[in-house]
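As structure tokens, the structure follows; a few thoughts come after it.
Excluded from the calculations below are hydrogen atoms, water molecules and symmetry mates; all remaining heavy atoms, backbone and side chain alike, are included. Per chain, numbering begins at 1; letters A, B, ... match sequence-line order.
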Number of protein chains: 2
Amino acid sequence: MDDINGPQSDYGRGNGKFLPLVPAQAPLRADAQRNRRKILDAATDLLADKGVDGLTMDELARRAGVGKGTLYRNFTDKPGIASALLDDRVRDMHSRMLQGPPPLGPGAPGGERLTAFVDAYLRHIAGNLDLVLLTESSSPKGRFDRQSYPFWRRHVEILIAEMWTATAPEASDANPSDPVRTRAEAVMAVLSAAQLDQWLNRQGRTLEELIPQIQTIVSAIAAA
Amino acid sequence: MDDINGPQSDYGRGNGKFLPLVPAQAPLRADAQRNRRKILDAATDLLADKGVDGLTMDELARRAGVGKGTLYRNFTDKPGIASALLDDRVRDMHSRMLQGPPPLGPGAPGGERLTAFVDAYLRHIAGNLDLVLLTESSSPKGRFDRQSYPFWRRHVEILIAEMWTATAPEASDANPSDPVRTRAEAVMAVLSAAQLDQWLNRQGRTLEELIPQIQTIVSAIAAA
DNA sequence: TTCCGATCCGGACTATAGTCCGTATATGGA
DNA sequence: TCCATATACGGACTATAGTCCGGATCGGAA
């Protein structure tokens with residue numbers, strides 16, 4: 001999620017349902033809210049029409065009936081728009097992770113939850129590869145700057161910590177040099193969209209064949 | 001290496017010293033050869049002068065005293081130039097891997113060679129982060145398209161295969177769905193420049209603190 | 001030495017992301 | 001209702017990567 005104070009997004013608003021990654025923000029003015037909606041809708045259409053390559057900022061502004069300045073007022077950049085679109089598609093998975101039934105949700109042992117997460121995450125990425133790649137493009141940091149990244153990583157971190165200690169997960173907080181955190185980041189690197197794209201679209205492998213192999217690798221990292 | 005039939009580069013020329021990734025190519029015309037040199041030299045200067053951000057194609061063409069068409073005749077794109085520059089800096093490491101003393105070179109067990117490789121590779125990436133990031137930027141595929149990627153991956157693949165079978169390494173050739181290959185690719189994902197940049201420059205960690213943790217993770221993946 | 005085709009060169013041109021800022025509009029208080 | 005001001009809007013503008021093609025140049029053959 002890269003959009004600025006978007007009221008349509010529950011993610012990161014600190015309402016308790018999601019990780020409070022971002023402080024609440026003043027509500028948008030009514031016209032801004034309308035425009036934001038128009039842009040997102042136009043982006044969805046344009047994407048359906050012409051695919052990711054056809055999604056240019058000029059065309060998007062034209063279709064949404066707004067100026068480019070408005071685009072950039074509502075979204076930091078092009079990947080930011082992709083992020084906002086993805087947000088919608090991901091919210092459901094977030095809540096299943098945080099409050100759904102096990103093994104994806106709480107209630108199962110860390111190892112099983114991790115396996116369930118890897119499965120769900122890979123399918124999510126694979127199902128939205130174009131958008132995710134767009135999100136991760138633009139600068140090396142791409143992948144890490146989107147707000148969803150910290151969410152995923154933190155989830156993995158907590159699960160690994162649980163596997164290690166079998167106690168309360170909050171132990172692994174805060175400290176970036178924590179080996180648990182490093183492992184979580186390594187897991188996320190293996191699950192990166194660029195890597196998945198390589199496997200799926202360049203090597204022609206299938207998700208079904210890939211997932212078990214990746215599961216094995218991820219488990220090994222977690223247990224390392 | 002992304003440059004077209006570059007006579008200054010031994011890498012990938014199929015001369016037996018390096019993996020024959022690319023067939024030999026007709027030699028460049030004398031003027032083209034001169035221009036290629038001028039461009040590479042100018043790029044080095046420009047990089048020293050203004051850093052990666054100052055390295056624009058127009059300015060590079062101006063400094064090299066050639067037109068932009070010449071730039072793009074000699075190098076596929078901007079990352080390609082970065083690749084060519086990196087090539088020079090990496091050739092030494094390649095030969096140490098292939099014919100230097102153990103544990104980096106042949107003669108040590110696969111596990112030890114892998115550890116030595118991870119150490120050398122991370123230091124290489126860290127020492128050239130700007131260039132490598134430039135190389136990997138531009139499109140998701142970035143990281144995989146440069147010719148050095150197959151080289152590294154293959155090396156890791158061979159070492160892992162050796163760890164597994166303790167026999168001749170050529171078993172793992174060719175087949176992209178080979179689990180050994182998947183593991184090698186996972187290792188490379190963890191060692192990606194974007195990830196290292198995240199750790200080093202965004203989280204402020206140090207190489208010395210990071211390397212042992214990564215070693216552990218890589219070993220776990222290899223043994224998975 | 002001269003000639004000819006293959007190869008290469010230069011720089012104007014296109015496409016696109018992202019910036020800037022003068023103008024317009026919304027919103028809350030008097 | 002009207003005003004003041006913070007906020008938002010639009011679209012021209014800048015910066016940059018990469019394309020295109022007419023003309024120049026190379027280098028081997030006669």
Legend entry - Residue A/R73, side-chain atoms from C-beta onward, closest of D/dA8, C/dC8, D/dC26: D/dA8
Inset, instruction - Give a yes or no on whether the backbone of B/T70 and the side-chain of B/N74 come within a donor-acceptor separation of less than 3.5 Å. - result: yes
Inset, instruction - Return yes if a side-chain donor-acceptor contact under 3.5 Å exists between A/E185 and B/Q203, otherwise no. - result: yes
Legend entry - Nucleotide D/dA15, atom C1' - distance to NZ of A/K68 in whole Å: 12 Å
Inset, instruction - Calculate the interatomic distance between A/Q33 atom CD and C/dT27 atom C1'; express it in whole Å. - result: 14 Å
Legend entry - salt bridge (charged side-chain N to carboxylate O under 4.0 Å, His left out) between A/R62 and A/D58, worked out: CA-CA 6 Å; A/R62 209 185 52 68; A/D58 285 291; over 6 Å; no
Legend entry - Spacing between A/D77 atom CG and C/dT16 atom C1', to the nearest angstrom: 14 Å
Legend entry - Contact residues, residues 50-66 of chain A to DNA chain D [heavy atom, < 4.0 Å]: A/G65, A/V66
Legend entry - A/N35 side-chain N/O to D/dA8 phosphate OP1/OP2 under 4.0 Å: no
Legend entry - Nearest-Å distance for atom pair CG/P, residues A/L71 and D/dG11: 13 Å
Legend entry - Contact nearer the 5' end of DNA chain C, comparing A/R34 with A/G69: A/G69
Legend entry - Distance, rounded to the nearest Å, where B/Y72 contributes OH and C/dT14 contributes P: 17 Å
Legend entry - Between D/dT7 (P) and A/N74 (CG): distance, integer Å: 15 Å
Inset, instruction - Compare side-chain N and O positions of A/K78 against OP1 and OP2 of C/dA17 and report whether any pair is under 4.0 Å apart. - result: yes
Legend entry - Side-chain donor-acceptor pair present, B/Q195, A/R143, cut-off under 3.5 Å: yes
Legend entry - Verdict with reasoning, A/D53 to A/K50, per salt bridge (charged side-chain N to carboxylate O under 4.0 Å, His left out): CA-CA 7 Å; A/D53 287 341; A/K50 306 195 179 179; over 6 Å; no
Legend entry - Phosphate-side-chain proximity, B/T70 and C/dG10, N/O vs OP1/OP2 below 4.0 Å: yes
Legend entry - Atom pair distance, as rounded to whole Å: CZ in B/F75 and C1' in C/dC9: 15 Å
Inset, instruction - Mind telling me whether A/W152 and A/Y121 have parallel, tilted or perpendicular rings, with 30° and 60° as the class edges? - result: perpendicular
Legend entry - Among B/K38, B/R37, B/Q33, side-chain hydrogen bond (donor to acceptor under 3.5 Å, both in side chains) partner for B/N35: B/K38
